[in-house]
2 protein chains.
Amino acid sequence: MGVTKTQNFTEGQNQIAAYAKALAHPARVAILQYLLKKQTCICGDLVGELPLAQATVSQHLKELKAVGLITGTVEGTSVCYCIDKHKWEEVRDVFFNIFSSNVECQDSCC
Amino acid sequence: MGVTKTQNFTEGQNQIAAYAKALAHPARVAILQYLLKKQTCICGDLVGELPLAQATVSQHLKELKAVGLITGTVEGTSVCYCIDKHKWEEVRDVFFNIFSSNVECQDSCC
DNA sequence: TTATTATAACGCAATATTACGATTAAAACT
DNA sequence: AGTTTTAATCGTAATATTGCGTTATAATAA
């Protein structure tokens with residue numbers, strides 16, 4: 001079907017899945033890494049940084065905006081992209097939380 | 001097209017995307033959380049824990065196995081599922097690494 | 001005003017993902 | 001041998017995602 005049965009899982013599980021999905025494409029990872037590296041807003045040619053057409057980049061930006069990880073404020077002709085610090089830390093904490101569990105299996109089969 | 005142009009991105013970017021994709025579905029998150037909570041192998045009814053049909057659960061397990069996050073060893077009639085400690089820590093480190101970057105934007109637009 | 005530039009939105013084609021019924025396979029009983 | 005249990009695989013349908021050409025849109029420049 002291609003449709004996820006979100007209603008049968010907890011809010012937390014759906015949230016982790018949604019955040020993970022935002023990172024589940026190399027182009028979106030590249031966008032975030034670029035914004036992190038620059039430590040500033042990118043007002044302008046983010047398209048030139050990626051091996052994809054403008055329309056495709058715009059779509060990935062839209063998805064990152066949809067989960068709230070980045071913001072895009074209009075600055076004259078161009079748009080200023082920024083990582084949303086608050087959301088970034090929220091997503092970080094969600095991942096830190098699940099990965100803080102230690103894997104300690106006592107069984108012989110592992 | 002639905003096909004990701006992985007060859008145009010770095011290995012690191014593709015790796016993060018692949019790991020994120022493994023977590024990008026609430027059922028797979030639920031499976032991992034359950035295995036983490038139990039702190040042991042689950043030999044048996046993992047299907048009963050999820051609101052999905054057996055075939056669907058099996059498919060999600062297959063994806064988690066494909067990225068190496070879990071292992072499944074046959075134990076008689078049933079299969080013993082376990083989180084792969086080594087891989088788990090590797091994935092954790094990959095996420096910790098990207099999220100360790102601080103967001104420090106000096107621009108006025110943010 | 002008109003051209004230019006930058007980016008978003010629309011629409012299409014191709015591929016991927018999700019879900020599940022049905023089937024198959026393998027081990028453990030009886 | 002036949003039955004039961006458990007889980008993988010197959011086949012199919014529906015929806016989602018990816019990518020891009022094209023078309024708006026909006027601000028600046030000439």
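Per chain, numbering begins at 1; letters A, B, ... match sequence-line order. Computed from a prediction, not measured in an experiment: that's the story for all the values here.
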Between [atom2] on [N] and [atom1] on [X], what's the gap in Å once rounded to a whole number?
X: B:H25; N: D:dA16; atom1: NE2; atom2: C1'; value: 11 Å
X: B:E75; N: C:dA26; atom1: CD; atom2: P; value: 18 Å
X: A:L50; N: D:dC20; atom1: CG; atom2: C1'; value: 15 Å

Which pairs count as side-chain hydrogen bond (donor to acceptor under 3.5 Å, both in side chains) when at least one residue sits in residues 56-70 of chain A, sequence neighbours excluded?
A:R28-A:H60, A:R28-A:E63
Which residues pass the side-chain contact (heavy atoms from CB on, under 4.5 Å) test with [X], sequence neighbours left out?
X: B:V67; value: B:A22, B:L69
X: A:V57; value: A:V47, A:L50, A:L52, A:L61
X: A:Q15; value: A:Y19, A:E90, A:V94
X: A:Y34; value: A:K37, A:K38, A:I42, A:L46, A:E49

Can you see whether B:E75 engages B:S78 through a side-chain donor-acceptor pair at a distance of less than 3.5 angstrom?
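No, no side-chain donor-acceptor pair sits under 3.5 Å.
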N/O to N/O distances under 3.5 Å, protein versus nucleotides 7-13 of chain D:
{"residue": "D:dA7", "atom": "OP1", "partner": "B:G44", "partner atom": "O", "Å": "3.2"}
{"residue": "D:dA8", "atom": "OP1", "partner": "B:K65", "partner atom": "NZ", "Å": "3.1"}
{"residue": "D:dA8", "atom": "OP1", "partner": "B:Y81", "partner atom": "OH", "Å": "2.6"}
{"residue": "D:dA8", "atom": "OP2", "partner": "B:S58", "partner atom": "OG", "Å": "2.8"}
{"residue": "D:dA8", "atom": "OP2", "partner": "B:Y81", "partner atom": "OH", "Å": "3.3"}
{"residue": "D:dA8", "atom": "N7", "partner": "B:Q54", "partner atom": "NE2", "Å": "2.8"}
{"residue": "D:dA8", "atom": "N6", "partner": "B:Q54", "partner atom": "OE1", "Å": "3.0"}
{"residue": "D:dA13", "atom": "N1", "partner": "A:M1", "partner atom": "N", "Å": "3.1"}
{"residue": "D:dA13", "atom": "N3", "partner": "A:M1", "partner atom": "N", "Å": "3.3"}

Kindly state each residue pair satisfying salt bridge (Lys or Arg N to Asp or Glu O under 4.0 Å) with at least one member in residues 4-21 of chain A, sequence neighbours excluded.
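For residues 4-21 of chain A, and leaving out neighbouring residues, there are no salt bridge (Lys or Arg N to Asp or Glu O under 4.0 Å) pairs at all.
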I want to check one thing: is the phosphate of D:dT17, taken as OP1 and OP2, less than 4.0 Å away from some side-chain N or O of A:H60?
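The answer is no; no side-chain N or O of A:H60 sits under 4.0 Å from OP1 or OP2.
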Considering residues at least two apart in sequence or located in another chain, which fulfil the side chain to side chain donor-acceptor pair (under 3.5 Å) criterion with A:T6?
none
Residues forming a side chain to side chain donor-acceptor pair (under 3.5 Å) with B:T77, sequence neighbours excluded
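Partners of B:T77 under the side chain to side chain donor-acceptor pair (under 3.5 Å) test: none.
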Interface with DNA chain C, restricted to residues 4-21 of chain B and to heavy atoms under 4.0 Å
B:K21
Which ones in residues 28-36 of chain A lie close to DNA chain C, meaning a heavy atom under 4.0 Å from one of its atoms?
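By residue number: none to list.
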Tell me, please, which residues at least two apart from A:F95 pass ring pair (Phe, Tyr, Trp, His ring centres under 6.0 Å).
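Residues passing ring pair (Phe, Tyr, Trp, His ring centres under 6.0 Å) with A:F95: B:F95, B:F99.
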